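Here's the structure we're looking at; comments come further down.
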Amino acid sequence: MIAHEAATPAAEHGAAPTEAAFRAVYGAAPAGIWAAPGRVNLIGEHTDYNDGFVMPLALPHTTIAAVTPRTDGVLRLHSGNAEGGIVELHTDTLRPAPMDTAAGSRAAPDGRWAAYPAGVVWAMREAGLPVGGADLHVDSTVPTGAGLSSSAALEVVTALALNDLYALGLTPQRLAQLAQRAENAFVGVPCGIMDQTAAACCTAGHALFLDTRDLRSRQVPFDVAAQGLRLLVVDTRVKHDLGDGAYAERRTGCERGARALGVPALRDVPHAQLADALVALTDTPDAPDTRALVRHIVTENHRVEEVVAHLDAGDIRAIGPLLTAGHASLRDDFAISCAELDLAVDTALAAGAVGARMTGGGFGGSAIVLVDEAAADTVSAAVTAAFAAAGHAAPRIFTAVPGPGARRLA
Ligand code: ADP
Ligand code: MG
């Protein structure tokens, strides 16, 4: 059996099933239907909270929301992907109730998922926007907790629906900021701006080159198929629990490094001055990793710029070694890989991949593999076989074709 799935039909399920589900849940037709995608980050990992560069692309996997506004301030939330039925809240009584970030959102009890869309309503109202109640039903094909940003897809699809229903006239970038505010302050997850921007702003056939300092962005053509290549996503289906505390540690370590170097953020350390910066930094027993963290961020920002240069020159194959170097940096300097991610990357490269790296926060989730079209099945089969031989659960492997960002479907 071939382990590789194409961008599965299941990735794109269209508006009709969600419309039907909304009718079944609420007994009437929705006012509209919206979609927002999951994403993979091509390069630029953990740079977004260092004012640096990122380069996500939207997946065909989407979260679809059917929504109707309400005039009584009631907020009813329902998900085809969550247990527990309708969650009923009121816009006047929404209060941030950050979940225990050490436990992480994956430990969310039934109904806790509703904090993501409720947080968007809260963030919009907190910003003084005239948003009232709503009935909402979502269905998603974005795997949750796989590092593919199902949380941002859920937030952004909610934000876009409310933007249209309440005629707010907000830009995609502003919707992304409100969605991030919801996740940071209402849900309590200290994520950067990348995931929400990807869900809101990506376009089909492109990766989004985003400067997270000033939020300027540029769509960079990324038509892998036209160059005889494929971008595979390997969802390892594991998430190691140390992830969230380790994220906070990395973030604090980067801030410590920037302070020690006297710059606002590590983004401000030019690649050409990395060696000097590393000489200027001293690791201490209570902060043993500052130099390595700084080295990752500075080299990673540089890799993003190199990737953009290759893509602008029309040479996708040339980014392979940069992806692989990015993995080594995340594994060795940032120390956020894990056995499954390393196995996926090492096996893919040994089987002939052009480049491979872990993507997302780390300690599990997904890897991306750039591979010749002709070698895609061999590489997929090799990764699946290596996981079986190591006693890991079977990975889910699919092709990432850069899809559109958030949009209205009906
Ligand atoms: P990721 O964003 O990488 O998928 P997170 O831990 O940030 O992982 O977000 C996953 C959480 O988002 C889930 O545990 C759930 O609470 C929520 N979520 C995302 N999509 C949905 C959905 N369609 N229905 C219900 N909850 C969802
Ligand atoms: Mg998330």
Side-chain angles (χ1 to χ4, degrees), residues 7 37-48 50-60 148-149 172-173 192-195 197-234 267 270-271 296-330 345 348-349 352-360 366-376 379 398-405:
R39 63 97 188 95
V40 282
N41 189 21
L42 187 60
I43 189 81
E45 216 63 77
H46 287 261
T47 46
D48 68 343
N50 290 286
D51 276 4
F53 304 125
V54 295
M55 211 168 178
L57 52 105
L59 293 173
L148 304 177
S149 267
Q173 189 54 257
I193 189 67
M194 168 171 70
D195 298 349
T197 307
C201 303
C202 280
T203 59
H206 296 84
L208 184 75
F209 176 36
L210 172 69
D211 181 337
T212 64
R213 167 162 278 167
D214 58 14
L215 299 184
R216 278 155 54 118
S217 64
R218 180 158 69 83
Q219 305 287 346
V220 181
F222 189 62
D223 187 353
V224 266
Q227 299 196 13
L229 295 164
R230 245 197 233 184
L231 188 71
L232 302 177
V233 175
V234 180
R267 146 57 173 298
H271 187 250
H296 168 71
I297 298 299
V298 175
T299 58
E300 185 78 352
N301 271 327
H302 188 59
R303 280 185 287 272
V304 179
E305 293 184 292
E306 290 184 283
V307 164
V308 171
H310 286 308
L311 295 185
D312 281 342
D315 188 357
I316 296 179
R317 177 177 296 272
I319 75 171
L322 293 163
L323 301 183
T324 305
H327 184 77
S329 182
L330 288 163
V345 167
L349 292 171
V354 176
R357 69 189 272 290
M358 57 158 284
T359 181
S366 300
I368 54 172
V369 177
L370 184 66
V371 65
D372 279 306
E373 175 69 47
V379 167
F398 61 89
T399 299
V401 179

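The shown structure was predicted, so the numbers you read here are calculated from the model rather than taken from an experiment. Along the sequence shown, residues are numbered consecutively beginning with 1.
- Side chain of His310 to backbone of Gly320: no donor-acceptor contact under 3.5 angstrom is found.
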Dump the intermediate steps for salt bridge (Lys or Arg N to Asp or Glu O under 4.0 Å) on Arg317 and Asp372, then the final yes or no. CA-CA 9 Å; Arg317 177 177 296 272; Asp372 279 306; 2.4 Å; yes

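- A donor-acceptor contact shorter than 3.5 Å links the side chain of Gln227 to the backbone of Ile316.
- Taking all atoms of both residues into account, the shortest heavy-atom contact from His327 to Ala356 is CB-O, 3.7 Å.
- Side-chain N or O atoms of Asn50 include none that pairs as donor or acceptor with a backbone N or O of Arg267 at under 3.5 Å.
- To the nearest 0.5 Å, atoms CG (Asp48) and CG (Asp211) are separated by 11.5 Å.
- Not a single donor-acceptor pair under 3.5 Å links the side chain of Gln219 to the backbone N or O of Cys202.
- Ionic pairing of Asp214 and Arg216 is present here: one or more N-O contacts between side-chain nitrogen and carboxylate oxygen are shorter than 4.0 angstrom.
- Between Thr212 and Thr47 the shortest side-chain heavy-atom distance does not fall below 4.5 Å.
- Taking CG of Leu323 as the start and CG of Leu231 as the end, the distance is 8.0 Å to the nearest 0.5 Å.
- For Leu210 against Ser217, the heavy-atom pair with the smallest separation is CD1-CB, 3.9 Å.
- Note that CG of Leu322 and CD of Glu306 are 5.0 Å apart. Values are rounded to the nearest 0.5 Å.
- Atom CE in Met358 sits 10.0 Å away from atom CD1 in Ile368 (nearest 0.5 Å).
- The backbone N or O of Leu232 sits nowhere less than 3.5 Å from a side-chain atom of Thr399 that would complete a donor-acceptor pair.
- Contact of the Ile43 side chain with the Ile319 side chain is not registered, since no non-hydrogen atoms from C-beta on lie closer than 4.5 Å.
- The side-chain heavy atoms of Ser329 and His296, taken from C-beta on, include a pair separated by under 4.5 Å.
- Between Asp312 and Arg218 the shortest side-chain heavy-atom distance falls below 4.5 Å.
- Nearest heavy-atom pair, Thr324 versus Gly355, reported as atom, atom and distance to 0.1 Å: OG1-CA, 3.3 Å.
- Here the closest heavy-atom approach between residue Val233 and residue Val40 is recorded as CG2-CG1, 3.7 Å.
- A donor-acceptor pair under 3.5 Å is formed between the side chain of Asn41 and the backbone N or O of Met55.
- Taking every heavy atom of both residues into account, Val371 and Ala353 meet most closely at CG2-CA, 4.3 Å.
- Looking at every heavy atom in both residues, Leu57 comes nearest to Ala400 through CD1-CB, 4.3 Å.
- For the pair Phe398 and Leu59, the minimum side-chain heavy-atom distance is below 4.5 Å.
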Using the side-chain contact (heavy atoms from CB on, under 4.5 Å) rule, take Val54 and Thr197 through it: C-alpha gap first, then chi angles, then the decisive distance, then the call. CA-CA 10 Å; Val54 295; Thr197 307; over 6 Å; no

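- Every residue meeting the salt bridge (Lys or Arg N to Asp or Glu O under 4.0 Å) condition with Glu300, not counting sequence neighbours, appears here in chain and number order: Arg303, Arg357.
- With hydrogens and angles ignored, the 3.5 Å screen pairs no side-chain donor or acceptor of His271 with any backbone N or O of Thr299.
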